[in-house]
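Comments concern the structure below.
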Amino acid sequence: MNKKKALITGITGQDGSYLAEFLLNKKYIVHGIKRKSSSYNSARIDNIYQNKKYKNKFFLHYGDLIDAASVSEIINKIKPDEIYNLAAQSHVGVSFKLPNYTTQVNAIGTLNILDAIKKLNLEKKTKFYQASTSELFGKIQEKKQSEKTKFYPKSPYASSKLFAYWITKNYRESYNIFASNGILFNHESPRRGETFVTRKITMGISKIINGLDNCIYLGNIYSLRDWGHAKDYVEMCWKVLQNKKSDDFIIATEKQYSVKFFIEKSFQYLGIKISWVGKGLKEKALIKNFNKEKFPNLKKGMIVVRIDKKHFRPNDVDNLIGDSSKAKKILNWKSKTSIYELIKEMMDHDLKLFKKKDFKF
Ligand code: NAP
Ligand code: F7E
């Protein structure tokens with residue numbers, strides 16, 4: 001029986017919740033670091049916490065990445081075999097408003113974990129996974145981005161993650177810690193935070209369909225992303241730590257779509273056709289064709305997407321697509337979920353969520 005202990009930071013987030021389920025199914029004992037918050041922040045992991053199957057296998061600890069003492073105390077108490085550092089201020093747009101805080105959590109927070117591993121003499125025992133990101137490529141230096149592509153971060157978020165990437169490599173090379181970076185391209189799911197663009201779209205459409213809202217306000221809809229499914233990607237986080245040696249890997253689908261495409265296909269999934277008019281800040285999407293009986297809250301010509309300049313970033317990353325040949329070869333990585341399957345899963349989830357008029361987040 002697997003008696004391995006894993007510690008997940010960011011366990012209450014999208015990836016943390018999927019990774020916890022994945023590791024519990026692999027018979028790990030899973031520990032998670034949870035922040036104290038004034039309101040409820042554990043919705044994504046309540047199903048695990050309440051499941052009798054995971055009694056004595058799943059533990060939560062209060063802590064904060066910025067608080068080095070709390071991080072070190074938890075690591076000392078658990079002495080985990082694997083640490084997955086998924087905690088972050090992960091919103092790129094917000095990082096322009098909160099650059100200092102973002103740096104504290106994403107950069108210094110990562111250092112706090114690595115330094116605890118070193119100071120507690122766990123270099124030989126504890127493997128470390130760092131949640132690196134395609135945002136490191138920012139202003140892209142190659143058409144398809146691989147482990148060899150030069151970085152060019154374009155936001156405080158990306159800059160903070162660049163430090164985290166290098167300090168991970170630095171502790172690997174200086175202290176022989178098994179410390180690896182998973183450079184993951186965007187990955188989404190029904191558990192995606194509500195302010196990221198894909199979820200904003202699937203939730204927005206679902207609210208409109210249910211008569212709870214009438215329009216979605218967005219920024220740069222021409223931005224291109226390589227979108228995968230979070231559930232597929234957390235398996236790769238685990239595989240990165242099961243590799244023979246610590247190393248860095250790109251995880252991507254190698255397919256690229258625009259935000260505009262994601263909007264069109266999300267409506268199309270429901271059999272609704274939209275048309276676009278206008279340019280720049282005046283561009284909008286209108287309802288063109290739909291089934292009146294199925295969607296009584298819609299009207300022909302209704303404006304369902306508008307552009308709002310407040311959703312533009314001071315400096316946007318507008319063109320990302322990964323080359324994950326290395327992970328394919330060494331980790332046996334294969335992207336499983338198509339963009340259409342992803343849209344279907346997110347739309348089905350959100351339509352159900354907003355069907356009840358008394359919905360709760
Ligand atoms: P997410 O849903 O935003 O989750 C972030 C998690 O970090 C939450 O559990 C959050 O706790 C926690 N956290 C934030 N600040 C913290 C702090 N100071 N101390 C302790 N915990 C803190 O992010 P995600 O999409 O799951 O992404 C997971 C990781 O992968 C992040 O590091 C992200 O930057 C990186 N990444 C994500 C993607 C992607 O497309 N999703 C791609 C590449 C890399 P609360 O619940 O209390 O807020
Ligand atoms: O934006 C554009 C926006 O916020 C995608 C994080 O998980 O993935 C994520 O970062 C694109 C950008 O994700 C809106 O300008 C248009 O070009 O969903 P997003 P992101 O910035 O790619 C990376 C890999 C991470 O590491 C991050 O942690 O969509 N966009 N209109 C919009 N974006 C948002 N959020 N909201 C809009 O209204």
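Atoms within each ligand, like the ligands themselves, are counted from 1 in listed order. All figures in this text were calculated on a predicted structure; none of them were measured in a lab. Residues take their numbers from the sequence shown, with the count starting at 1.
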Is NZ or CZ of [X] both nearer than 6.0 Å to the six-membered ring centre of [Y] and within 45° of the ring axis?
X	Y	result
R192	F196	yes
K284	W276	no
R191	Y18	yes

4.0 Å heavy-atom contact, [X] with ligand 2:
X	result
S134	yes
K310	no
D318	no
K161	no

Can you list the atoms of ligand 1 that are under 4.0 Å from a heavy atom of [X]?
X	result
N186	40 (O)
R192	25 (O), 39 (C), 40 (O), 41 (N)
S132	43 (C), 44 (C)

Assess whether a salt bridge exists between [X] and [Y], defined as any Lys/Arg side-chain N lying under 4.0 Å from an Asp/Glu carboxylate O.
X	Y	value
R172	D248	yes
D348	K344	yes
E135	K161	no
R199	E188	no

Examine [X] against ligand 2 and note whether any of their N/O atoms are separated by less than 3.5 Å.
X	result
L184	no
V197	yes
T195	yes

More than 12 foreign heavy atoms under 6.0 Å from CG of N332: is that the case here?
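Counting neighbours around CG of N332, 12 or fewer heavy atoms of other residues, nucleotides or ligands fall under 6.0 Å, so no.
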Can you confirm whether more than 12 heavy atoms, excluding those of K231, are under 6.0 Å from its NZ atom?
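No, NZ of K231 has 12 or fewer neighbouring heavy atoms, counting only those of other groups under 6.0 Å.
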Which residue from [options] reaches closest to [atom] through any of its heavy atoms?
atom	options	answer
atom 10 (O) of ligand 2	V94, V92, D15, T198	V92
atom 29 (C) of ligand 1	I8, V234, L86	L86
atom 23 (O) of ligand 1	S90, G13, G193	S90

[X] contact mode with ligand 1 (heavy-atom cut-off under 4.0 Å):
X	answer
R35	side chain
K161	side chain
S37	neither
K34	neither
D64	both

Indicate yes or no: does an N/O atom of [X] lie under 3.5 Å from an N/O atom of ligand 1?
X	value
A88	yes
Y157	yes
Q89	no

Answer yes or no for [X]: is there a heavy-atom contact with ligand 1 below 4.0 Å?
X	result
Y233	no
R191	no
I33	no

How far is atom 12 (C) of ligand 1 from its nearest protein heavy atom, and which residue and atom is that?
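Answer, as residue, atom name and distance: G10 CA, 3.9 Å.
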How far is atom 40 (O) of ligand 1 from its nearest protein heavy atom, and which residue and atom is that?
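Nearest protein contact, heavy atoms only, for atom 40 (O) of ligand 1 is H187 N, 2.9 Å.
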Closest non-hydrogen atoms of A20 and I11, given as atom of the first, atom of the second and distance, are CB-CD1, 3.9 Å
